[in-house]
Amino acid sequence: MTRSVRPPAFRQWRLLRIVSTIELSYRSRVLYGVALIGAQVVLVASLWSALYGGDETVAGANREQTVTYAVLAVLLARVRWSARFYSKDALASRVRDGSVVYWFLRPVRPSRYVALINIGDVLYGSLWLVAGMLLATAAGAARVPDPVAFACFLLSAAIGQAILCHLASLLDLVCFWLVVNENAKQAYRFFQDFLAGAFVPVWLFPGWLTALSSFLPFRSTISVPASLYVGTIPAAEAVGEIGTQVLWCVVLYALVHLVWRRAARRVVLQGG
């Protein structure tokens with residue numbers, strides 16, 4: 001049997017461009033994204049500004065911090081927005097029609113292929129994040145952090161997106177056992193955004209919900225980096241928070257690796 005030759009690394013890294021190429025090839029999707037994100041930023045900034053009214057402090061955060069957090073949380077939640085659109089190359093679609101078998105015949109491992117697609121998705125979505133924050137800051141809807149807080153935010157946001165990618169991969173891999181996982185996806189999206197603090201800052205959660213979120217990885221995806229940015233998590237506590245993020249990232253990576261191995265055993269390459 002002829003053994004597949006693994007393509008050079010530079011060819012594999014071309015997979016990073018797939019998401020941006022697909023997205024930019026549909027102007028309507030880009031315009032829709034601009035309109036949607038713009039509307040969300042304006043609405044959340046207006047809502048939280050109105051709720052505070054003055055400069056009072058609530059749960060340790062003032063109006064400026066809360067409005068900035070709300071704007072940043074919306075943008076962080078939309079970094080991987082393109083991944084939420086249905087795609088013929090999505091794992092769920094491939095499992096449903098059986099063509100996922102070809103992923104296991106390629107020179108590039110399926111897990112590596114998905115990982116590179118996810119990295120490209122995050123890089124593309126990060127451009128939207130940067131553009132959105134620049135506009136929000138220019139419009140006065142977001143504050144500019146000090147250099148230390150900004151550096152902590154960048155590191156924390158990168159790890160948070162890695163955690164999101166691992167969680168999304170686990171959800172996709174459920175398809176090997178359930179074939180259709182749309183109901184699970186809908187439930188996941190709500191709980192992910194809610195417990196991550198995308199809708200309401202975690203510091204406004206009731207005590208029991210705050211305790212629950214501290215034992216789950218969702219808080220590490222949006223709340224922690226956004227809180228570091230606005231200063232509700234001081235720089236002195238950044239090491240502990242980022243360390244927790246790294247721990248979740250390692251645990252989820254190991255779990256994804258294990259599930260991929262289990263999923264591969266369910267794919268029949270030859271025979272019936």
Exercise. Do Val42 and Ser46 have side-chain heavy atoms sitting under 4.5 Å apart?
Worked result: yes
Exercise. Is there a side-chain contact between Leu164 and Gln192 (heavy atoms, below 4.5 Å)?
Worked result: yes
Could you tabulate the donor-acceptor pairs under 3.5 Å formed by side-chain atoms of residues 70-77, not counting sequence neighbours?
none

For this session: Using the test side chain to side chain donor-acceptor pair (under 3.5 Å), find all partners of Trp203 that sit at least two apart in sequence or belong to another chain.
Result: none
Go through the structure and list residues passing side chain to side chain contact (heavy atoms under 4.5 Å, CB included) with [X], not counting sequence neighbours.
X      : result
Val200 : Trp48, Leu204, Phe205
Leu255 : Leu170, Val259
Val250 : Val246
Leu216 : Leu195, Leu212, Phe218

For this session: Could you note down all residue pairs passing side chain to side chain donor-acceptor pair (under 3.5 Å) where residues 149-166 supplies at least one of them, sequence neighbours left out?
Result: Ser156-Gln245
Exercise. Can you list every salt bridge (charged side-chain N to carboxylate O under 4.0 Å, His left out) pair that touches residues 236-251, not counting sequence neighbours?
Worked result: Arg219-Glu241
Exercise. If you look only at pairs with a residue in residues 155-167, which of them pass as a salt bridge (charged side-chain N to carboxylate O under 4.0 Å, His left out), with sequence neighbours excluded?
Worked result: none
Seminar exercise, completed: Hits for ring pair (Phe, Tyr, Trp, His ring centres under 6.0 Å) against Phe190, two or more places apart or cross-chain, chain-then-number order -> Phe194
Problem set entry | Test side-chain contact (heavy atoms from CB on, under 4.5 Å) applied to Ser227 and Val202, step by step | CA-CA 9 Å; Ser227 297; Val202 172; over 6 Å; no
Exercise. Taking the hydrophobic residues Ile, Leu, Val, Met, Phe, Trp and Tyr, and joining any pair whose side-chain heavy atoms are under 4.5 Å apart, which ones share a cluster with Phe215?
Worked result: none
Exercise. Given the rule in the side-chain contact (heavy atoms from CB on, under 4.5 Å) test, do Ile159 and Leu155 qualify, once you have shown the distances and angles that lead to the verdict?
Worked result: CA-CA 6 Å; Ile159 301 172; Leu155 178 59; 4.1 Å; yes
Show me, pair by pair, the donor-acceptor contacts under 3.5 angstrom made by side chains of residues 139-153, not counting sequence neighbours?
residue	atom	partner	partner atom	Å
Arg143	NH1	Val230	O	3.2
Asp146	OD1	Val148	N	3.1
Asp146	OD1	Ala149	N	2.9

